[in-house]
Amino acid sequence: VVLVAPDWDVDGGSELIVLDSATGSLLSRAPFDDGLDDRVTGFDGFAASDEYLAAGGQQAQLIVLSPDGDEIVRGPMGLGAPLGFLDDALIVAKQSTVQAIDPASGAALWRSADFGQTEISISNDTLWALDGAVGSVSRLDPRTGSAMWTAGVGITPGFAVATADGVAYVATALAVLAFDSETGEELWWKHIPYRSPFAG
């Protein structure tokens, strides 16, 4: 288990901590420089795959490591927070923009236009985007950023996605919808109106 944790006593403000996943015992810990001045905890996100670890943030450099802690890539400051690895691409989000980065080289694979009101989510190795103002959800190709399919979900301020057995379940402010994860075909829709938990 690899963690990035704030530590005000180290240069850069963070430590890279490796724990034994079976016992929880500490294997190693070392200062992890976020690329800014001393005592700055700039890391907003951390992601891991079998081959790579990545940390970054709105005020920190993007850093890609091997699982044993060797630095592979150090990108420029402020690229955003890593959300996860999909199809050998590191997905990084910053405010209203999202981009995919090749973790071996640090090269950008794609960068979104300004998403504005769009939210991004990762669930079970799939990348999702919500355009809340339009009321649509899209499954994105993580290597290109293009929409594989788009479906209507209704105007909503936010969403959450969970996938299982080929079905994508999308929860919005007022409904839960189920889609075929590969085709985007709507399988069912259920309106869930707000009800006060204190109502009799």
Side-chain angles (χ1 to χ4, degrees), residues 1-4 21 43-58 60 62 64 78-103 108-197:
V1 178
V2 182
L3 308 170
V4 172
S21 61
F43 293 121
D44 297 328
F46 188 55
S49 71
D50 291 341
E51 297 181 73
Y52 302 103
L53 313 173
Q58 310 291 335
L62 178 68
V64 179
L79 290 181
L83 297 181
F85 290 92
L86 298 173
D87 291 346
D88 296 321
L90 172 62
I91 309 300
V92 178
K94 179 182 180 181
Q95 296 170 338
S96 60
T97 61
V98 176
Q99 62 182 311
I101 294 170
D102 182 333
L109 300 173
W110 57 266
R111 180 182 174 92
S112 74
D114 188 342
F115 270 136
Q117 297 300 314
T118 301
E119 290 187 34
I120 297 294
S121 178
I122 291 177
S123 176
N124 284 16
D125 299 327
T126 50
L127 180 61
W128 303 94
L130 170 77
D131 188 329
V134 171
S136 65
V137 66
S138 299
R139 180 176 176 182
L140 304 183
D141 183 328
R143 296 290 298 181
T144 67
S146 59
M148 300 169 68
W149 55 260
T150 299
V153 295
I155 295 173
T156 179
F159 82 137
V161 182
T163 55
D165 298 326
V167 178
Y169 302 96
V170 179
T172 70
L174 293 175
V176 175
L177 303 93
F179 299 95
D180 183 297
S181 185
E182 293 300 318
T183 67
E185 176 189 358
E186 185 179 307
L187 303 176
W188 55 262
W189 173 93
K190 181 174 179 60
H191 175 58
I192 304 179
Y194 173 77
R195 188 165 53 217
S196 171

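Among residues two or more places apart in sequence or in another chain, the side chain to side chain contact (heavy atoms under 4.5 Å, CB included) test is passed with Thr172 by Val153, Thr156, Val170, Ala175, Leu177. Partners of Ala178 under the side chain to side chain contact (heavy atoms under 4.5 Å, CB included) rule, at least two apart in sequence or in another chain, are Val167, Tyr169, Leu187, Trp188.
In this structure, Leu90 and Leu62 have side chains that are in contact, with non-hydrogen atoms separated by less than 4.5 Å. Contact annotation: the side chain of Phe46 approaches that of Leu53 to within less than 4.5 Å [non-hydrogen atoms, C-beta and beyond]. Side chains of Pro142 and Ile91 form a contact here, defined as non-hydrogen atoms less than 4.5 Å apart. Using a 4.5 Å heavy-atom cutoff, the side chains of Leu127 and Val98 are not in contact.
Other residues, nucleotides and ligands contribute only 12 or fewer heavy atoms inside 6.0 Å of the CG atom of Asp88. Annotation: Asp180, atom CG; neighbour count of heavy atoms from other residues, nucleotides and ligands within 6.0 Å is above 12.
Between the CZ atom of Arg111 and the CD1 atom of Ile101 there is a distance of 9.0 Å, given to the nearest 0.5 Å. In this structure, Ile120 CD1 and Phe159 CZ are separated by 7.0 Å, a value rounded to the nearest 0.5 Å. From Asp131, atom CG reaches atom OG1 of Thr150 across 9.5 Å, with rounding to the nearest 0.5 Å. Distance OG/Ser138 to CG/Leu130: 8.5 Å, rounded to 0.5 Å. Atom-to-atom distance recorded for Thr126:OG1 and Leu86:CG is 7.5 Å, nearest 0.5 angstrom.
Among all heavy-atom pairs drawn from Ser123 and Thr163, the shortest one is OG-N, 3.2 Å. What you find for Tyr52 and Pro103 is that their closest heavy atoms are CE1-CG, 3.6 Å. Closest approach of Phe179 and Ala151 over heavy atoms only: CE2-CB, 3.5 Å. Between Ala47 and Gly84 the shortest heavy-atom distance is CB-CA, 3.7 Å. Shortest non-hydrogen contact noted between Gln99 and Leu79 is NE2-CD2, 3.6 Å. The two atoms that bring Trp128 and Ala168 nearest to each other are CH2-CB, 3.5 Å, heavy atoms only.
Arg139 contributes a side-chain N or O that, together with a main-chain N or O of Ser181, makes up a donor-acceptor pair within less than 3.5 Å. For Ser49 (side chain) and Glu51 (main-chain N/O), a donor-acceptor pair under 3.5 Å exists by modelled atom type.
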